[in-house]
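What follows is a single structure, written as structure tokens, with notes after it.
Start at 1 with the first residue, then count along the sequence.
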Amino acid sequence: MKRNDMREQAFFLTFENLFEINDNLDELIDLYSENVEEVCDYAKEVSSGIKEKTEEFNEIISTYLKSRKLSRLPKVSVAILYVALYEMKYVDSVPENVAINEAVELAKKYAGKEDSAFINGILGAVSRSGK
């Protein structure tokens with residue numbers, strides 16, 4: 001499986017987990033594996049890491065929201081930001097610019113028309129700040 005496919009799986013799991021219908025990530029992974037496709041180890045690692053680091057990522061994102069509130073952002077955008085932030089901070093094999101570019105591509109595919117520029121701006125600011 002290609003890295004962008006693994007990343008997309010992590011995005012799907014993260015997005016689904018944002019709804020907190022089933023707060024058990026292992027059950028969500030099992031459901032995804034049974035109904036869609038087998039979840040790869042990378043997607044499991046990223047989605048589990050995001051679950052552990054959600055508060056940290058919320059603080060980082062909130063730092064760069066001018067007049068917006070995190071709770072008002074589309075869940076698709078939040079899930080994409082979480083995946084990219086996790087890769088930027090905790091996956092040494094993924095360069096920051098690749099994580100940002102892949103997040104923008106996910107936004108173009110799954111988010112609203114202007115979300116890719118918004119996501120690029122937030123992640124670019126995070127990258128420049130060194131946080």
Main chain of [Y], side chain of [X]: is a donor-acceptor contact present, judged purely on distance under 3.5 Å?
X: Asp30; Y: Glu27; answer: no
X: Glu102; Y: Asn4; answer: no
X: Ser48; Y: Glu45; answer: no
X: Ser33; Y: Ile29; answer: yes

Discussion item. Just checking Tyr64 against Phe118, ring centres under 6.0 Å apart?
Written reply: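 So the answer is no for these two rings.
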[atom1]-[atom2] distance between [X] and [Y], expressed to the nearest 0.5 angstrom:
X: Glu96; Y: Met88; atom1: CD; atom2: CE; value: 4.0 Å
X: Ile60; Y: Glu55; atom1: CD1; atom2: CD; value: 11.5 Å
X: Ser93; Y: Arg3; atom1: OG; atom2: CZ; value: 4.0 Å
X: Ser47; Y: Phe15; atom1: OG; atom2: CZ; value: 14.5 Å
X: Ile61; Y: Leu73; atom1: CD1; atom2: CG; value: 7.5 Å
X: Lys108; Y: Lys113; atom1: NZ; atom2: NZ; value: 13.0 Å

Worksheet item: Checking side chain to side chain donor-acceptor pair (under 3.5 Å) against Tyr82, which of Asn58, Thr54, Asn17, Thr14 comes through?
Response: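 The passing option is Asn58.
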Worksheet item: Between Glu8 and Lys109, does at least one N-O distance fall below 4.0 Å, as a salt bridge requires?
Response: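 So Glu8 pairs with Lys109 through a salt bridge.
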Of all the heavy-atom pairs spanning [X] and [Y], show the shortest one and how long it is.
X: Ile80; Y: Leu106; value: CD1-C, 3.8 Å
X: Lys75; Y: Leu18; value: O-CD1, 3.3 Å
X: Lys51; Y: Leu25; value: CD-CB, 4.1 Å
X: Ile119; Y: Ala107; value: CD1-CB, 3.6 Å
X: Cys40; Y: Gln9; value: N-OE1, 2.9 Å
X: Ala84; Y: Leu123; value: CB-CD1, 3.5 Å

Within the 4.5 Å heavy-atom criterion, are [X] and [Y] side-chain neighbours or not?
X: Tyr110; Y: Phe11; result: yes
X: Leu65; Y: Ile122; result: yes
X: Val36; Y: Leu31; result: no
X: Leu85; Y: Ile50; result: no
X: Glu37; Y: Tyr32; result: yes

Fill in: CG (Asp92) with more than 12 external heavy atoms under 6.0 Å
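No, because the 6.0 Å sphere around CG of Asp92 holds 12 heavy atoms or fewer from other groups.
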Practice prompt. Go through the steps to decide whether Glu87 and Arg7 satisfy the test salt bridge (charged side-chain N to carboxylate O under 4.0 Å, His left out), and finish with yes or no.
Written response: CA-CA 9 Å; Glu87 287 187 322; Arg7 183 179 290 110; 2.8 Å; yes
Discussion item. Quick check with a 6.0 Å cut-off and a 45 degree axis cone: is Lys53 positioned over the face of Tyr86's six-membered ring?
Written reply: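 So Lys53 doesn't make the cation-pi contact.
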